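Below: the structure, in structure tokens.
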Amino acid sequence: MSVTQASDLFIPQVCSEYARQAFVQSIEFMAKLVGTGPAPVQIMNDPTFNVEGQYIQRPTFSRIGSALVTRRDITSVSSVTPQKLTGTNEVGVKIHRKIGPVDVSMDAANLSRASGEQISAELGRQFGEELALNLQHSMITAAIGAIDGVASTVNTTAPWSATARTNLSPALLSAGLQLMGDQRERFKKEAMILTRSESLHDLYGDAMGRSYAGIGDLALKGDMGTNTLGMGFATVDDAALTLANAGFDHYYTLLLGTEFMQVWFTKPMTLYPVFGPILDQEQVIIRLRADADIAIGMHGKTWDATNGGANPNDAALALSTNWDDTFSRHQEVRGIKIDHNYSGN
């Protein structure tokens with residue numbers, strides 16, 4: 001006996017609307033540290049900056065220094081040596097990104113549950129999400145390269161050991177701040193912490209392990225103000241913030257002050273008109289493509305165009321020898337790097 005069942009009358013695979021896989025990577029760096037106002041990463045959007053060329057050169061007045069003010073001898077009429085005001089160039093570098101292309105069959109919309117409008121909307125969302133993630137990684141790698149490139153690594157503290165763990169703690173944050181010398185308290189008021197989730201776990205663990213009444217309780221409530229020394233923080237599990245080692249791996253935490261990095265969106269994400277239809281295939285195809293360009297520069301640093309070249313990849317952005325010094329005092333570079341361990345590695 002034959003019986004008509006529900007499965008004979010519809011295809012379960014297309015009976016409901018499309019869902020979408022969640023975008024779960026953290027872009028807290030972009031959300032918390034990047035802004036048009038006072039922020040560690042300033043979006044400049046200077047209308048006078050042309051998009052031509054591969055670099056941006058920013059003239060900067062140099063400091064005359066202590067020779068500008070000296071003892072005046074009121075018993076002498078001898079001549080004095082005039083001082084002069086000089087300048088230097090801070091060179092930023094442009095990086096170019098493409099999004100796609102993505103080819104979509106016209107039959108995909110005809111034969112699937114998704115309409116052409118739904119497919120276009122989903123691609124647009126993924127274009128934006130992945131571009132933000134990609135640019136975030138480039139900015140973080142550039143930040144590490146520039147800080148590593150400060151002469152004598154005076155903007156870096158490195159308690160990391162391959163054999164004995166020194167995990168992130170308030171003491172390490174304070175050691176990082178101390179690299180700013182008498183600028184430390186001013187820097188602390190403006191600085192944001194950029195760290196990985198593993199390192200944030202150690203900060204919580206530090207608070208919960210204290211014997212002082214109440215501090216562990218506050219940590220359990222999620223109140224991290226004590227252990228971050230009052231600084232705000234962003235958590236991003238970016239690959240640039242860790243380095244594999246034969247012993248314990250390196251973990252990097254950055255303290256970034258206001259105006260540490262400048263970013264010019266020389267070509268905001270530009271979605272080109274849909275290309276197609278492409279007719280020389282079995283199915284009719286349409287193609288989507290977008291591009292985006294930014295320029296990255298930092299106060300107190302200059303991109304070494306000779307060594308680093310134009311349109312660098314992320315490995316070149318992270319290379320310390322590609323970022324030369326232009327500062328008078330290292331505190332002008334408003335970034336600190338802490339190289340430490342993680343309790344779970």
Side-chain angles (χ1 to χ4, degrees), residues 29-30 32-49 53-65 85-95 135-136 138-157 176-177 179-194 231-232 234 240 252 254-266 294-305 307-308 312 316-338:
F29 177 90
M30 300 291 281
K32 294 183 177 180
L33 277 72
V34 179
T36 55
V41 180
Q42 294 178 295
I43 298 177
M44 306 302 286
N45 287 341
D46 188 342
T48 65
F49 176 51
Q54 298 285 1
Y55 309 99
I56 171 174
Q57 294 200 34
R58 175 172 49 193
T60 304
F61 288 120
S62 299
R63 296 201 60 81
I64 298 174
L85 179 64
T86 61
T88 185
N89 276 353
E90 295 175 346
V91 178
V93 64
K94 288 176 65 176
I95 60 174
L135 296 182
Q136 172 179 269
S138 295
M139 292 178 195
I140 293 173
T141 56
I144 291 174
I147 294 172
D148 285 346
V150 174
S152 303
T153 62
V154 291
N155 282 43
T156 299
T157 181
L177 292 172
L179 297 178
M180 282 290 172
D182 57 10
Q183 280 278 305
R184 61 168 288 152
E185 289 307 302
R186 176 183 173 185
F187 178 77
K188 182 169 76 71
K189 291 178 181 178
E190 67 185 43
M192 291 282 291
I193 301 169
L194 177 65
M231 293 180 283
Y252 303 135
L254 306 183
L255 310 182
L256 302 179
T258 300
E259 299 182 3
F260 165 72
M261 178 184 289
Q262 291 74 47
V263 170
W264 292 260
F265 279 85
T266 58
I294 68 171
I296 297 176
M298 276 161 275
H299 285 310
K301 303 295 296 185
T302 186
W303 177 255
D304 189 330
N307 290 323
L317 288 173
L319 193 60
S320 62
T321 53
N322 289 337
W323 293 100
D324 298 334
D325 295 334
T326 62
F327 55 77
S328 299
R329 299 181 71 225
H330 74 92
Q331 290 91 340
E332 294 173 37
V333 180
R334 309 298 281 177
I336 296 297
K337 175 185 165 186
I338 305 172

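Keep in mind it's a predicted model, so treat the numbers as computed, not measured. The figures here come from the full heavy-atom set of this structure, side chains too, leaving out hydrogens, waters and symmetry mates.
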Checking [X] side chain against [Y] main chain: does a donor-acceptor pair fall under 3.5 Å?
X: Asp148; Y: Ser320; result: no
X: Thr302; Y: Val91; result: yes
X: Gln42; Y: Ala39; result: no

To the nearest 0.5 Å, how far apart are [atom1] in [X] and [atom2] in [Y]?
X: Leu85; Y: Arg63; atom1: CG; atom2: CZ; value: 10.0 Å
X: Leu317; Y: Trp303; atom1: CG; atom2: CH2; value: 5.0 Å
X: Gln262; Y: Ile294; atom1: CD; atom2: CD1; value: 12.5 Å
X: Arg186; Y: Thr258; atom1: CZ; atom2: OG1; value: 9.0 Å
X: Ile144; Y: Tyr252; atom1: CD1; atom2: OH; value: 7.0 Å
X: Thr156; Y: Leu254; atom1: OG1; atom2: CG; value: 9.0 Å

Which heavy atom of [X] sits nearest a heavy atom of [Y], and at what distance?
X: Val41; Y: Phe29; value: CG2-CZ, 3.7 Å
X: Val333; Y: Asn155; value: O-ND2, 3.1 Å
X: Met298; Y: Ala146; value: SD-CB, 3.4 Å
X: Thr266; Y: Ala295; value: CG2-CB, 4.3 Å
X: Trp323; Y: Ile296; value: CH2-O, 4.1 Å
X: Ile336; Y: Ile147; value: N-CD1, 3.9 Å

- Is Lys301 salt-bridged to Asp325, cutoff N-O under 4.0 Å?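 Yes, Lys301 and Asp325 are salt-bridged.
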- Query: Would you call Arg334 and Glu190 a salt bridge, taking side-chain N to carboxylate O under 4.0 Å as the test?
  - Reply: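 Yes, charged N to carboxylate O under 4.0 Å.
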Any side-chain heavy atom of [X] within less than 4.5 Å of one from [Y]?
X: Lys188; Y: Glu185; value: yes
X: Met139; Y: Leu33; value: no
X: Pro312; Y: Asn322; value: no

side-chain contact (heavy atoms from CB on, under 4.5 Å) with Glu90: which residues, sequence neighbours excluded?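 Per chain and number, Glu90 pairs via side-chain contact (heavy atoms from CB on, under 4.5 Å) with Arg58, Thr60, His299, Thr326.
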Q: Identify which one of Met231, Met180, Gln331 satisfies the side chain to side chain contact (heavy atoms under 4.5 Å, CB included) criterion when paired with Phe187.
A: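 In the set Met231, Met180, Gln331, the residue that makes a side chain to side chain contact (heavy atoms under 4.5 Å, CB included) with Phe187 is Met180.
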